[in-house]
J.: 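I'd like to ask you about the structure that follows.
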Amino acid sequence: MATEDNEVEDHRPLVLIHHLPSFKLPLQDRLITHFRLFDSLASPEASSVRALICVGPTPVTADTLDHLPSLRLVVGSSAGLDHVDLAECRRRGIAVTNNEVEDHRPLVLIHHLPSFELPLQDRLITHFRLFDSLASPEASSVRALICVGPTPVTADTLDHLPSLRLVVGSSAGLDHVDLAECRRRGIAVTSAGDANSENVADYAVALLLDVLRRVSAADRFVRSGLWPQIGEYPLGCKLGGKRIGIVGLGSIGSEVAKRLVAFVCTVAYNSRNKKPSVLYPYYANVHDLAVNSDVLVVCCALTNETHHIINKDVLTALGREGFIINVGRGALVDEKELVQFLVQGEIGGAGLDVFENEPNVPKELFALDNVVLSPHLAISTPESFEALNEVIIANLKAFFSSKPLLSPFEQE
Ligand SMILES: O=CC(=O)O
């Protein structure tokens, strides 16, 4: 015989599922672990129920509430609650919620040209609320922007963003950002810092080895079937012992130097100022550095002062046996002059990852086996994207918690 003692007391709170016949709450069965559910205003539980879930657009009127004298909470399952008599709820001291959970993630604009996406962008949404249009309503209140790749940040861009206080660059060079205008408007700017430096330095060395030892050209020689016909391929030259002139001894330049010292090269450098802690010989101008170098590795920032820093005079000083590697920006080199020097055999060769008018590359270079061409990808490795992502997140987190920025832009 069953007795009352056999019954397990049910402590789950009572909840009314209030719904029009045509509306069901999705996944309603998940609720029964936590709540005792019923769904009729005519049920005996109606007089004591304290909470109601309003499914979809089911009306909650004064008449509904008259059936529920103990009600203290209406849980809406939609964002808009025009079907709930909010004034009547307020009058009766009944709280109302909708399905919008408050989002405390700071707002960040991903500013990008259509052809440039931020690698690993999906990692950011854990921390930030992202949007990507200057025309969006969020633009007026956003305080931080991530500038993807070479997307320009001009005075006009900034005019759309009156609350902006931080531009987070995703590259080491920020020649596409109007830094003076940012400064004038009190907007801080960060760069990729040294997240990419080792990758870029590796690539500079790869280009240099390739040009000197003719690796890509030899590969073409084999693939085109010329080896059996012609036999020996022209000799390349040794890297060890070369005098390397580094133009811009910042984070990338220093990594290049480290690597080339290991190849038993000698290193000298040019930068805006002599670095007191650096022992490599310093040349105050690039021309003198070129006179005393076999190879120039160009890796400084592009500014008004460094535009065409490698000009006709410098190329002449580098000479017929000289080589040039550019992993900085195309416009650091006077490209027309460089093409002339290469075509006429006035310098030994070049390894170029960057060009003045990317993605357009002077066609004259295609025929030259002493030139290695690459589509601006010195930074591009998964490791570098990981590191870049961390720097971006760290800068944004520091900014939104008023801490010092991790990699404020500093010009080399
Ligand atoms: O070009 C790439 C960079 O500036 O990081």
Side-chain angles (χ1 to χ4, degrees), residues 110-113 115-121 145-154 167-179 182 189-208 246-256 259 271-272 296-310 324-333 335 350-361 372-396 405-412:
I110 305 281
H111 180 54
H112 69 109
L113 291 167
S115 48
F116 284 88
E117 295 290 342
L118 189 67
L120 311 180
Q121 180 173 314
L145 161 167
I146 300 173
C147 172
V148 182
T151 309
V153 176
T154 62
V167 169
V168 176
S170 64
S171 50
L174 291 177
D175 43 289
H176 50 290
V177 176
D178 188 335
L179 296 168
C182 288
V189 180
T190 62
S191 72
D194 51 17
N196 307 326
S197 305
E198 294 181 356
N199 285 282
V200 177
D202 288 350
Y203 208 76
V205 174
L207 288 173
L208 178 55
I246 297 184
V247 183
L249 199 74
S251 159
I252 294 170
S254 305
E255 291 294 334
V256 171
R259 283 155 177 72
S271 63
R272 279 192 306 165
L296 288 181
V297 180
V298 185
C299 41
C300 60
L302 176 62
T303 63
N304 289 339
E305 292 74 43
T306 61
H307 183 264
H308 286 188
I309 190 171
I310 308 298
I324 190 146
I325 303 298
N326 190 2
V327 288
R329 287 288 181 269
L332 293 167
V333 177
E335 196 169 87
L352 307 171
D353 184 47
V354 286
F355 302 88
E356 280 212 77
N357 184 25
E358 293 172 11
N360 302 306
V361 174
V372 178
L373 303 170
S374 154
H376 199 152
L377 48 66
I379 69 156
S380 304
T381 65
E383 292 84 355
S384 141
F385 292 155
E386 286 284 350
L388 176 61
N389 212 263
E390 275 172 30
V391 172
I392 289 175
I393 292 177
N395 274 312
L396 286 167
L405 297 168
L406 197 79
S407 55
F409 181 65
E410 280 162 21
Q411 197 158 294
E412 172 38 41

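Just so we're clear, the structure is a prediction, and the values are computed from it rather than from any experiment. Order of listing sets the numbers, starting from 1, for every ligand and every atom in it. FYI, side chains are in, hydrogens and waters are out, and symmetry mates aren't considered; it's all heavy atoms of this structure.
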J.: Could you tell me if the side chain of H176 sits less than 4.5 Å from the side chain of S171, heavy atoms only?
T.: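 Sidechains of H176 and S171: in contact.
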J.: Which atoms of ligand 1 are found less than 4.0 Å from any heavy atom of N196?
T.: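 Here the atoms of ligand 1 in question are 5 (O).
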J.: Would you mind checking which non-hydrogen protein atom is closest to atom 1 (O) of ligand 1, with the distance to 0.1 Å?
T.: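 The answer is H376 NE2, 2.7 Å.
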J.: Among N389, I146, I110, I392, which one satisfies side-chain contact (heavy atoms from CB on, under 4.5 Å) with Q121?
T.: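 It is I110; the other options fail the test.
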J.: Does an N or O from R329, backbone or side chain, lie closer than 3.5 Å to an N or O of ligand 1?
T.: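 R329 vs ligand 1: N/O contact under 3.5 Å present.
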J.: Can you tell if the side chain of P375 reaches within under 4.5 Å of the side chain of F355, non-hydrogen atoms only?
T.: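 Not in contact.
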J.: Show the atoms of ligand 1 that are less than 4.0 angstrom away from any heavy atom in I379.
T.: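 Listed by number with element, the hits are 2 (C), 5 (O).
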J.: Out of A192, A378, A172, who is nearest to atom 3 (C) of ligand 1 when you count heavy atoms only?
T.: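 Considering heavy atoms of A192, A378, A172, the nearest to atom 3 (C) of ligand 1 sits in A172.
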J.: Where's the contact between V200 and ligand 1, heavy-atom distance under 4.0 Å: side chain, backbone, both or neither?
T.: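 Neither part.
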J.: Is the shortest heavy-atom distance from the side chain of Y203 to the side chain of S374 under 4.5 Å?
T.: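 Result yes, sub-4.5 Å side-chain heavy-atom pair found.
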J.: SG/C300 to CG/L332 distance, rounded to the nearest 0.5 angstrom?
T.: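 Spacing of SG (C300) from CG (L332) equals 4.5 Å.
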